[in-house]
Amino acid sequence: MREPTYTGPAKGLHWITALLVFGLLGIGLWMTGLPISLLKLQVYAWHKWIGLVVLVLTAARLLWRWRHPPPPLPDAVTRWERALAPAGHWALLLLLLAMPLSGWLMSSAAGISVVWFGVLPLPDMVPRDTGLFESLRTLHYVLSRLLILVLAVHVIAVLHHDVVRRDGILRRMWPTGGK
Ligand code: HEM
């Protein structure tokens, strides 16, 4: 009998988010070092727009997860993994909310309103405030390093399950895997 898997929408949201987040991390690390230029402004704008797409996708994911909980872990998974796996997943989900929210707050505190994809003006979350901007910038930076760390653990854990233990954990989330 085949193991149960995540639902189609959960898989779709997972892989689209993964692609966008890896892109955002790469762009984020690159763009801050660019000299002031039109390119820098455009890259910052796209970083913000796509970051906010991740916010919407993560909110949708949480709603979907509320009605469609993840499938139970296979019996082969140990007791400590059973406790740690959900903690890691919740840490990732919280970071995927905190990253875009801190970015949006930072942009507002800098006095730069976000016009989503150049068409939808979004409200400012806080009034312009240089001190607050600096704190939020530090927060966004620290959260990004935390996200990289938790993502690295997540990917290494999945690879360990797939390559060493071969217990089908990756198949549960793979687009074509499972039943
Ligand atoms: C999941 C979503 C996001 C991720 C993973 C992400 C990631 C990053 C990373 C890695 C950096 C570089 C930090 C550094 O090394 O200094 C960065 C910078 C930045 N992000 Fe994001 N970000 C996200 C969402 C957003 C959003 C939604 C906004 C604004 C609406 C935003 C605004 C900014 C700005 C303005 C900077 C540059 C800060 C500076 O100039 O020092 N980010 N982001």
Side-chain angles (χ1 to χ4, degrees), residues 6-7 9-66 68 70 85-159 170 173 175:
Y6 281 87
T7 56
K11 290 178 182 178
L13 287 165
H14 174 274
W15 290 110
I16 293 169
T17 305
L19 259 177
L20 297 181
V21 168
F22 280 114
L24 280 166
L25 287 172
I27 289 173
L29 295 175
W30 167 64
M31 70 183 193
T32 47
L34 287 174
I36 298 284
S37 58
L38 184 60
L39 172 71
K40 181 165 183 153
L41 292 180
Q42 283 169 340
V43 175
Y44 266 57
W46 277 96
H47 177 85
K48 294 178 183 183
W49 298 340
I50 295 172
L52 289 169
V53 171
V54 169
L55 179 63
V56 172
L57 290 179
T58 306
R61 220 166 142 183
L62 286 169
L63 279 176
W64 184 263
R65 189 185 168 101
W66 175 42
H68 305 84
H89 296 161
W90 278 109
L92 275 173
L93 287 166
L94 287 179
L95 282 166
L96 292 183
L97 292 177
M99 276 304 309
L101 284 175
S102 62
W104 187 1
L105 280 159
M106 177 196 347
S107 211
S108 303
I112 304 172
S113 305
V114 182
V115 183
W116 210 13
F117 293 102
V119 275
L120 182 65
L122 299 182
D124 289 329
M125 305 264 277
V126 287
R128 185 181 188 148
D129 178 334
T130 313
L132 182 61
F133 162 69
E134 286 302 339
S135 310
L136 289 164
R137 189 185 200 179
T138 307
L139 178 65
H140 198 68
Y141 171 88
V142 172
L143 289 175
S144 73
R145 297 320 190 256
L146 208 58
L147 178 61
I148 291 171
L149 183 75
V150 183
L151 269 178
V153 174
H154 180 68
V155 172
I156 291 168
V158 170
L159 288 178
L170 179 58
M173 189 52 100

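Indexing begins at 1, ligand by ligand and atom by atom, following the structure's order. Starting from 1, each residue takes its place in the sequence as its number.
Taking every heavy atom of Leu52 and a limit of under 4.0 angstrom, the matching atoms of ligand 1 come to 27 (C). Near Val54, meaning under 4.0 Å from one of its heavy atoms, ligand 1 places the atoms 1 (C). Shown in contact with Tyr141 at under 4.0 Å from a heavy atom are these atoms of ligand 1, numbered in order with element: 14 (C), 15 (O), 16 (O).
Side chain of Ser113 to backbone of Asp124: no donor-acceptor contact under 3.5 angstrom is found. Checking side-chain atoms of Ser108 against main-chain N and O of Trp104 turns up a donor-acceptor pair under 3.5 Å.
Of the protein's heavy atoms, Met99 CE, 3.6 Å lies nearest to atom 4 (C) of ligand 1. Looking only at heavy atoms of the protein, atom 2 (C) of ligand 1 is closest to Leu24 CD1, 3.6 Å. At the shortest separation from atom 10 (C) of ligand 1 among protein heavy atoms lies Ser144 CB, 3.6 Å. With respect to atom 36 (C) of ligand 1, the closest heavy atom belonging to the protein is Met31 CE, 3.5 Å. In this structure, atom 26 (C) of ligand 1 lies nearest to the protein heavy atom Gly103 CA, 3.9 Å.
Comparing heavy-atom distances from atom 11 (C) of ligand 1 across Gly28, Ser107, Gly23 singles out Gly28 as nearest. Of the listed options Met106, Glu134, Lys48, Arg145, Lys48 places a heavy atom closest to atom 30 (C) of ligand 1.
Remark: Lys11 NZ to Tyr6 OH distance equals 11.0 Å, nearest 0.5 Å. Note: His47 NE2 to Leu25 CG = 8.5 Å, rounded to the nearest 0.5 Å. The distance from atom CG of Leu143 to atom OG of Ser102, rounded to the nearest 0.5 Å, is 5.0 Å. Between Ile148 atom CD1 and Leu146 atom CG the span is 10.0 Å, to the nearest 0.5 Å.
Looking at ligand 1, you'll find an N or O of His47 within less than 3.5 Å of one of its N or O atoms. Backbone and side-chain nitrogen or oxygen atoms of Tyr44 are examined, and one is located within less than 3.5 angstrom of a nitrogen or oxygen of ligand 1. The shortest N/O to N/O separation between Arg137 and ligand 1 falls below 3.5 Å.
Residue His140 approaches atom 21 (Fe) of ligand 1 most closely through its N/O/S atom NE2.
Pro35 has its side chain out of reach of Lys40: every pair of non-hydrogen atoms, C-beta onward, lies at least 4.5 Å apart. Using a 4.5 Å heavy-atom cutoff, the side chains of Leu101 and Met125 are in contact.
For Phe117, the CZ atom counts as densely surrounded, since its 6.0 Å shell holds more than 12 non-hydrogen atoms of other residues, nucleotides or ligands.
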